[in-house]
S.K.: 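For reference, the structure I am asking about is given below.
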Amino acid sequence: MIGGPEVAGLDVAAGLPGTRRLRFAPSPTGQLHVGNVRTALFSYCLATPEGRFILRIEDTDRERYNPESVSEYMEALTWLGLTWDEGPEVGGPCAPYVESERLPLYREAANRLVATGAAYPCFCTRDRLEELRAAQRASGLPTRYDRHCLHLTKAEREAQRAAGRPEVVRLRMPPGESSWNDLVLGLQTFDNAEMDDQVLMKSDGYPTYHLAHVVDDHLMGITHVVRAVEWLPSTPKHLVLYDALGWRPPGFAHVPLVLGPDRQKLSKRHGAEAVREYRQMGYLPEALVNFLAFLGWSPGTEEEVFDLSELRQRMSFERLQSSPAVFDQQRLDYLNGVWIRRLSAAALAARLAEFLPGVSPEQLEPIARMVQERIRRLDEVPQLVRFAFSDTDPDADRLRGQLGTAEAADFLSGVIPLVAGDVAELMPTLRLRVAEFTNGQPESARARVRQLMRVVRIALTDQEVSPPLDAVVDLLGSDRAGKRLRRALERLQAGG
RNA sequence: GCCCGCAUCGUCUAGCGGUCAGGACACCACCCUUUCAAGGUGGUAACCGGGGUUCGACUCCCCGUGCGGGUACCA
């Protein structure tokens, strides 16, 4: 065990595996959002094949904590292929990887900070803080804590504690500037005077994000922090913490946000946002990964189809984009189609299983073959092959379409014997029959071919749109196909 | 209010002082075609505005504008 809390305490971080160590540290409050996934994906890829990708659960907000969401997150990440080298379930040298199980470490860090004067206890009530902010805002000042409790004497602190007043620990922002070279945005400089004295330990005994992630990133030997730009303004606080604790900060890469079509931060208002929903809509993890990777990254070449291992091979901080990206579902759809067509029929069949419950495995593969070229999402399939699993009985009007009833019946009667034969012969012979019915009408031949074929299609599937007819007959079997054609013929004859 | 970030076709992006500003999605047309797709060919479409710097700016600097983020005992 290296760096584990029981064994090592706060100052050991060396000797951990991996040339680079990056982490994804979600807060388990709901479902895994595609914006977060993009961040996780970048971290995973930027860890490179030689590095380590670590999953850490940031469950320090007990109000919003949702226990189910931890397994939800893990399931989603696994589905996407973003497997973690260290973290919950797999363990690792820095275990535990769940922050609520690491409380003594944060307490120790907080005590150390208070002891050196880098942080101080604060007993201000929420009401007082709110009034303070309202007043500051009213007079056009930045809203910051007024350090009311900074200079409390030891006796005054003890008096507050004796009175049972809730206590937090605040970081004392030192004067000066904080700057760092952001791996995405370049040189960043903030005036510390603009920063609030951030609460580090909450009155419920849990650390805030700020303390917990600095302590954990250090202890876990994180080399590069990849997070969304919304964290940019709090980076100076983190830098101050690293300095006060005598630790070397990691590199920071602030990645731009993922926006909805209206350029607002992507949310449920824009439709789906959870990975699970995309899965249910029939998106392949390969496509989602490929699509998300290009929201803020590009290889600099004209290649655009990448799998996860290629992305991990190719991604670099230098090529990360600094402007926000709009989530364009049409492009996702396109890429999903590309990935569907890249699958083998057997592989596609396996993916289809969850969309076609009750369909036997033997039937899945022919279905996969017939839909592969024509779908962009897996959830289109049930509709496309509905004809094979439910009875059809179109009436005469629907059957004949633009054709005369007698004509349609005549054509159909000649088709019936064809489906009893070899399916491979079906289309050539069908074309010959079509030719007999289009002689002498070269001008309208195209339209007539269309009409004639349509009669067969409707008879067989009762759908205007279906897979190719030979595939349809193949899936139906010649018995069922023949029955449907004969039934259709009866309808036409009765209707005429 | 205060602080900060960002800015190339509708969208994702290439570009890193001199390009006919390239590719992809979407869209349109045509071809292929039994429907729908897939595929092929072609087309429409962009450097937010104003100042500088420079022989020369999409590229560098400043201002404005727009969009976004932060401003919690949430992350």
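In the text below, chain A, chain B and the rest are named by the order of the sequence lines, each starting its count at 1.
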S.K.: With rounding to whole Å, what would you report as the distance between B:G70 and B:A75 at their P atoms?
M.R.: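 Comparing P positions in B:G70 and B:A75 gives a spacing of 14 Å.
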
S.K.: Is the shortest heavy-atom distance from the side chain of A:V184 to the side chain of A:H254 under 4.5 Å?
M.R.: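 No, every pair of side-chain atoms sits at 4.5 Å or beyond.
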
S.K.: Using atom C1' in both nucleotides, what's the gap between B:A14 and B:G50 to the nearest angstrom?
M.R.: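 That atom pair is separated by 27 Å.
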
S.K.: Quick one: is A:K202 getting a side-chain N or O under 4.0 Å of the B:A75 phosphate, OP1 or OP2?
M.R.: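 Looking at the OP1 and OP2 atoms of B:A75, one of them is under 4.0 Å from a side-chain N or O of A:K202.
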
S.K.: Using whole Å, what does the distance between atom P of nucleotide B:U35 and atom CZ of A:R448 come to?
M.R.: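 Rounded to whole Å, this separation is 16 Å.
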
S.K.: Under 3.5 Å for both donor-acceptor distances, Watson-Crick or wobble: does B:G49 have a partner, and if so which one?
M.R.: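 Pair assignment: B:G49 / B:C63.
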
S.K.: Please confirm whether the shortest side-chain N or O distance from A:Q451 to OP1 or OP2 of B:U34 is below 4.0 Å.
M.R.: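 No, no such contact exists.
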
S.K.: Is the number of heavy atoms from other residues, nucleotides or ligands within 6.0 Å of CD (A:Q402) greater than 12?
M.R.: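 For A:Q402, atom CD is not crowded (no more than 12 foreign heavy atoms under 6.0 Å).
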
S.K.: Which part of the nucleic acid, if any, lies within reach of A:S298 when heavy atoms closer than 4.0 Å are counted: base, sugar-phosphate only, or nothing?
M.R.: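 A:S298: backbone/sugar contact only, no base atoms under 4.0 Å.
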
S.K.: Quick one: A:E63 CD to B:C74 P, roughly how many Å, whole number?
M.R.: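 After rounding, the reported distance stands at 8 Å.
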
S.K.: A:L129 side chain: which of B:C73, B:G70, B:U34 is closest?
M.R.: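 That would be B:C73.
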
S.K.: Please measure how far the C1' atom in B:G49 lies from the corresponding atom in B:C30, and state the result in whole Å.
M.R.: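 B:G49 and B:C30 have their C1' atoms separated by 40 Å.
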
S.K.: Is the shortest heavy-atom distance from the side chain of A:Y283 to the side chain of A:W339 under 4.5 Å?
M.R.: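 A:Y283 vs A:W339: side chains apart.
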
S.K.: Distance check: side-chain N/O of A:R431 vs OP1/OP2 of B:U34, anything under 4.0 Å?
M.R.: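 Answer is yes, contact under 4.0 Å.
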
S.K.: Within the structure, does a side-chain N or O atom of A:S27 lie under 4.0 Å from either OP1 or OP2 of B:C74?
M.R.: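 No, no such contact exists.
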
S.K.: Between B:C74, B:C73, B:C4, which nucleotide gets closest to the side-chain atoms of A:D61?
M.R.: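 Of the candidates, B:C74 comes closest.
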
S.K.: Between B:U13 and B:C6, how many Å separate the two C1' atoms, rounded to a whole number?
M.R.: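 That atom pair is separated by 16 Å.
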
S.K.: Tell me which nucleotide, if any, is Watson-Crick or G-U wobble paired with B:U35 when both distances must be under 3.5 Å.
M.R.: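 Partner of B:U35: none found under 3.5 Å.
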
S.K.: Please report, rounded to the nearest Å, how far the P atom of B:G10 is from the OH atom of A:Y334.
M.R.: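 Checked: the OH to P distance equals 21 Å.
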
S.K.: Is the A:F123 to A:H148 ring centre distance short of 6.0 Å?
M.R.: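 Judged by ring-centre distance (under 6.0 Å), A:F123 and A:H148 do not meet the cut-off.
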
S.K.: In terms of side-chain heavy atoms of A:Q188, which of B:C73, B:C12, B:C4 is nearest?
M.R.: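 Of the candidates, B:C4 comes closest.
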
S.K.: With RNA chain B as reference, determine whether A:T125 or A:S466 sits nearer its 5' end, using the nearest nucleotide of each.
M.R.: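 So the residue in question is A:S466.
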
S.K.: Which whole-number value in Å describes the distance from A:L335 CG to B:A24 P?
M.R.: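 Rounded to whole Å, this separation is 13 Å.
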
S.K.: Select one nucleotide: of B:C25, B:C12, B:A75, the one nearest the side-chain heavy atoms of A:Q330.
M.R.: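 That would be B:C25.
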
S.K.: Atom CD of A:E302 and atom P of B:C25: how far apart are they, to the nearest Å?
M.R.: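 Answer to the nearest Å: 12 Å.
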
S.K.: May I ask you to verify whether the side chain of A:R331 and the base of B:A26 hold a donor-acceptor pair under 3.5 Å?
M.R.: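 No.
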
S.K.: If the P atom of B:C2 is compared with that of B:C63, how far apart are they to the nearest Å?
M.R.: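 Between the two P atoms, the distance is 16 Å.
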
S.K.: Could you tell me if the ring centre of A:Y242 sits under 6.0 Å from that of A:W180?
M.R.: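 Not close enough - the centres of the two rings lie 6.0 Å or further apart.
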
S.K.: Would you say A:R133 reaches B:G1's phosphate, i.e. side-chain N/O to OP1/OP2 under 4.0 Å?
M.R.: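 Looking at the OP1 and OP2 atoms of B:G1, neither is under 4.0 Å from any side-chain N or O of A:R133.
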
S.K.: Side-chain N or O of A:R457 versus OP1/OP2 of B:U35: is the shortest distance under 4.0 Å?
M.R.: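 The answer is no; no side-chain N or O of A:R457 sits under 4.0 Å from OP1 or OP2.
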
S.K.: Under a 4.0 Å N-O cut-off, is there an ion pair linking A:E167 with A:R157?
M.R.: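 The answer is no: the pair does not qualify as a salt bridge.
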
S.K.: Over how many whole Å does the gap from A:Y209 atom OH to B:A72 atom P extend?
M.R.: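 Nearest whole value for this atom pair: 16 Å.
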
S.K.: Heavy atoms from C-beta onward define the side chain here; which of B:C73, B:U13, B:A37 lies closest to that of A:E373?
M.R.: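 Within the option list, the nearest is B:A37.
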
S.K.: Return the pairing partner of B:A57 with a 3.5 Å limit on both distances, Watson-Crick or G-U wobble; otherwise return none.
M.R.: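 With both distances under 3.5 Å required, B:A57 matches none.
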
S.K.: Which nucleotide wins on minimum distance to the side chain of A:F190, given the candidates B:C3, B:C12, B:C74?
M.R.: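 So the side chain of A:F190 is nearest to B:C3.
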
S.K.: Please report the distance separating the C1' of B:C25 from the corresponding atom of B:U33, rounded so that it comes out in whole Å.
M.R.: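 Their C1' atoms lie roughly 24 Å apart.
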
S.K.: Using a cut-off of strictly less than 4.0 Å, decide whether A:R446 has a side-chain nitrogen or oxygen near OP1 or OP2 of B:U33.
M.R.: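 Checking B:U33 against A:R446, no side-chain N or O comes under 4.0 Å of OP1 or OP2.
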
S.K.: Tell me which nucleotide among B:C4, B:C6, B:U11 gets nearest to the side chain of A:S322.
M.R.: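 Looking only at side-chain atoms, A:S322 lies closest to B:C6.
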
S.K.: With rounding to the closest Å, how many angstrom separate the P atoms on B:U11 and B:A26?
M.R.: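 B:U11 and B:A26 have their P atoms separated by 16 Å.
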
S.K.: Measure from the side-chain heavy atoms of A:R374 and tell me the nearest of B:U34, B:A37, B:G5.
M.R.: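 For the A:R374 side chain, the nearest candidate turns out to be B:A37.
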
S.K.: Side chain of A:V199 only, heavy atoms from C-beta on: which candidate in B:C73, B:C12, B:U35 is closest?
M.R.: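 Of the options given, the side chain of A:V199 lies nearest B:C73.
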
S.K.: Could you tell me the separation between the CG atom of A:L171 and the C1' atom of B:A72, rounded to a whole number of Å?
M.R.: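 Between C1' of B:A72 and CG of A:L171: 15 Å.
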
S.K.: In terms of side-chain heavy atoms of A:E230, which of B:A75, B:U34, B:U11 is nearest?
M.R.: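 Looking only at side-chain atoms, A:E230 lies closest to B:A75.
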
S.K.: Measure CZ/A:R263 against P/B:C48 and give the value in whole Å, please.
M.R.: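 One finds 12 Å between P of B:C48 and CZ of A:R263, rounded.
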
S.K.: On a whole-Å scale, what distance lies between the C1' atoms belonging to B:C9 and B:G23?
M.R.: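 Between the two C1' atoms, the distance is 12 Å.
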
S.K.: If you compare every side-chain N and O of A:T143 against the phosphate oxygens of B:A72 (OP1, OP2), does one of them come in below 4.0 Å?
M.R.: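 Answer is yes, contact under 4.0 Å.
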
S.K.: Test salt bridge (Lys or Arg N to Asp or Glu O under 4.0 Å) on A:R433 and A:E436; report intermediate values, then the result.
M.R.: CA-CA 5 Å; A:R433 177 141 187 89; A:E436 291 171 28; 3.6 Å; yes

S.K.: Using a cut-off of 4.0 Å on non-hydrogen atoms, how would the nucleic acid contact of A:R126 be classed: base, sugar-phosphate, or nothing?
M.R.: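 If one applies the 4.0 Å heavy-atom cut-off, A:R126 turns out to touch a base.
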
S.K.: Does A:R128 come within less than 4.0 Å of A:E131, counting only side-chain N to carboxylate O?
M.R.: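 Judged by the 4.0 Å cut-off on N to carboxylate O distance, A:R128 and A:E131 do not form a salt bridge.
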
S.K.: Any side-chain N or O of A:R376 less than 4.0 Å from the OP1 or OP2 oxygen of B:A38?
M.R.: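 For A:R376, the contact criterion (side-chain N or O under 4.0 Å from OP1 or OP2 of B:A38) is met.
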
